[in-house]
Protein chains: 2
Amino acid sequence: MSSKVTIHEVARLSGVSIKTVSRVLNREPNVKNDTRVRVQEAVAALNYRPNISARSLAGSKAYLIGVFFDNPSPAYVTDVQLGAIARCREEGYHLIVEPLDSTGDVAAQVEPMLHTLRMDGVILTPPVCDNAAVLDVLEAEGVPYVRLSPDQDLGRSASVRMDDVRAAYEMTAHLISLGHTDIGFIKGHPEHGASHLRYEGYAAAMKEHGHAVREDHVEQGWFSFRSGFEAAERLLDRPDRPTAIFASNDDMALGVMAVANRLRLEVPQTLSVAGFDDTPGAKVVWPQLTTVRQPIQAMAAAAADLLLGGATQAEGDGAPPSRLLDFELVVRESTGPIG
Amino acid sequence: MSSKVTIHEVARLSGVSIKTVSRVLNREPNVKNDTRVRVQEAVAALNYRPNISARSLAGSKAYLIGVFFDNPSPAYVTDVQLGAIARCREEGYHLIVEPLDSTGDVAAQVEPMLHTLRMDGVILTPPVCDNAAVLDVLEAEGVPYVRLSPDQDLGRSASVRMDDVRAAYEMTAHLISLGHTDIGFIKGHPEHGASHLRYEGYAAAMKEHGHAVREDHVEQGWFSFRSGFEAAERLLDRPDRPTAIFASNDDMALGVMAVANRLRLEVPQTLSVAGFDDTPGAKVVWPQLTTVRQPIQAMAAAAADLLLGGATQAEGDGAPPSRLLDFELVVRESTGPIG
DNA sequence: GCTCGCCTTGACAAGGCTGTCATGCCTTTA
DNA sequence: TAAAGGCATGACAGCCTTGTCAAGGCGAGC
């Protein structure tokens, strides 16, 4: 029960007023170094921690950052949390998670949260980050927010993204460098912005290396295992099948692997398979999947950083800040030279 | 900017004192029904939401439930959050997530959190739930907590669990009912309580159905894909291999599937494979994995329920409350009759 | 030596809500 | 009819911090 040490005790022990203690705590200027040290010692001696409720009631900060999420993969969500907390802890902020039910009226769910808890900022993950109604509520409530990998309205708010086009380009180039020329592609969910970008990168790489993008080697998928499985069946169960397949995400790539297994196509000797995202599943197949790692934790940390730095508003040039992070090509065993 | 509606406005509009509004908000007794309705209407009309900081500063509740987690799978963590929030929302509670760094001094990380934010309760997931130092801190700070699937010291606190023994028993019985008698088993991480329980259930089922547990058909694993893969290699690469393998979790079962693929053993015609946990990966293989679904969301909801109901303390009989939830056998395509 | 202005510090109010205690009224009991 | 008790409500203090503003101390410049 070491509880209930208040700022008053600290003030008493260090022989200053509570206001001065507050100053030291908040790293405000105009405190003599001598005094500062004395206060810090008292804080340490009493094991004092300021009470967040009182702080946020009195001041403007709530020391809470919200993470809103909808639906994406658990691995993604967890990584976002880990990345965000890493940055938040440094400044004494806490993370409050708000899973949203995307089948209902998301904006209506968001409004009460913002109202009761005055969060200092919110991190929005896809696909909530593209829900205009939610953005409206956030703006109406005056809560700063950063979007992770937004798809629409890029200029509307601060955001953190990865270069999907370039990543897809490099993955395709990797396959080409292994000697592949007939590279099948499985597109992602048409409503996700990343889908278009990834296809764009693939097409650009093919073209630049002088290979045609064969329409019958490009299939539509929906980011699900099953859709990858079905697309792969169409792609592979025929004589002029591609020698490599690049799926827009790992789940679909796993679907491709499953079909390859069924058709007794050796991976990677007969068929190379590449995915995108580096989900845990990518390592849980044999052979392990070559894929693109999105630096999710780093992206979330960057988002938290923007929020904590108060840098979410448009700057002089009119554009809200946007950070572009590097991806990483993860070459494992599912891709290899032909033969 | 619909912000800043306070209890005073509500009081004014409904013609009562702020205290009465407070009573209505908190469902306290001794409010005339007439008055209650009038206040509720004013609340609705003004779209009023009490400010959590003020509430927790003034009262004893913080309206925050913590979820501490360490390391387990993202799917697990996310499910816990979803389950807990479902119950918490009903009562206006929010979820605060605290990933812990298990490589460091976990208790030292927990203490400051508890100190600044006075959470009303904490949900502990494995393996933090078995960290005695953390439990000590929680108790010292007087914060109620519920452990999910704890392994040690079961009587120490309230907990929510699943019957691992019975689930493993039933899965084994399922395999036996398909005609299998030589059923291999891959144990889980020896430091996880569930490992022992699952093995126990397997062994009991074998014995009760008159089948011997062959020591050379039981392998040690560590809950990882790789350990499952390696265990499966030892189990399958020999003439007297089992006709079915029951792995203590899905990741290891996926390892078994990978080996089966490599050895060209048809699943389930030549080899049945069963897992445990029903992770997302179970559906992302072909054929899909037969497994046991742990009702994680329901367990987390039950934990939140105990916390919100204040029922975490030992009752008259001396034992803290413990809830045992039902699992579900999920039979998919990876198990079938010998043939 | 005096004024000005900066640095350092403190007193006090405010923030929105709940807990405590007091009040008035109505119903029950003797 | 008077006393007692229960219910419905309100006044006010207090929760712990930060923001505002004022005050005192001290060195610089005249």
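Throughout, protein chains are lettered first and strands after them, A, B, ... in sequence-line order, and every chain is numbered starting at 1.
Here the nucleotide nearest the side chain of B:T6, chosen from D:dT17, C:dG19, C:dC17, is C:dC17.
Across the protein-nucleic acid pair, B:I18 atom CD1 and D:dA13 atom P stand 12 Å apart, rounded to whole Å. Per the geometry, CG belonging to B:L25 stands 15 Å off P belonging to C:dG16, to the nearest Å. Distance B:R12 CZ to C:dG16 C1': 13 Å, rounded to the nearest Å. Rounded to whole Å, atom C1' of C:dG16 lies 9 Å from atom CG of B:L57. Between the C1' atom of D:dG10 and the CD atom of B:E28 lies a distance of 13 Å, rounded to the nearest Å. Note: CZ (B:R55) to P (C:dC17) measures 8 Å, nearest angstrom. Note: NZ (A:K19) to C1' (D:dC16) measures 13 Å, nearest angstrom. Separating the CG atom of A:N51 from the P atom of D:dC16 is a distance of 7 Å, rounded to the nearest angstrom.
A donor-acceptor contact under 3.5 Å is formed by the side chain of B:R23 with the base of D:dG10.
With sequence neighbours excluded, the residues satisfying ring-ring contact (aromatic ring centres under 6.0 Å, His included) with A:Y63 are A:Y93.
Of the side-chain N and O atoms in A:T20, none sit less than 4.0 angstrom from OP1 or OP2 of C:dT9. Remark: A:S17 is in phosphate contact with C:dG10, judged by side-chain N or O atoms under 4.0 Å from OP1 or OP2. Between B:S22 and C:dC17 there is no side-chain polar atom (N or O) within less than 4.0 angstrom of OP1 or OP2. When the side-chain nitrogen and oxygen atoms of A:Y48 are compared with OP1 and OP2 of D:dT17, one or more of them lie within a distance under 4.0 Å.
Considering B:D136, B:D130, B:D151 in turn, B:D136 is the only one that fulfils the salt bridge (Lys or Arg N to Asp or Glu O under 4.0 Å) rule with B:R156.
Panel note: side chain B:R38, backbone B:S14; a donor-acceptor pair is recorded below 3.5 Å.
For B:P150 against B:C129, the heavy-atom pair with the smallest separation is CA-SG, 3.8 Å.
Within residues 32-45 of chain B, no residue has any heavy atom under 4.0 Å from DNA chain C.
Heavy atoms of B:N30 sit under 4.0 angstrom from at least one base atom.
Atom CG of A:D326 has 12 or fewer neighbouring heavy atoms from other residues, nucleotides or ligands inside a 6.0 Å radius.
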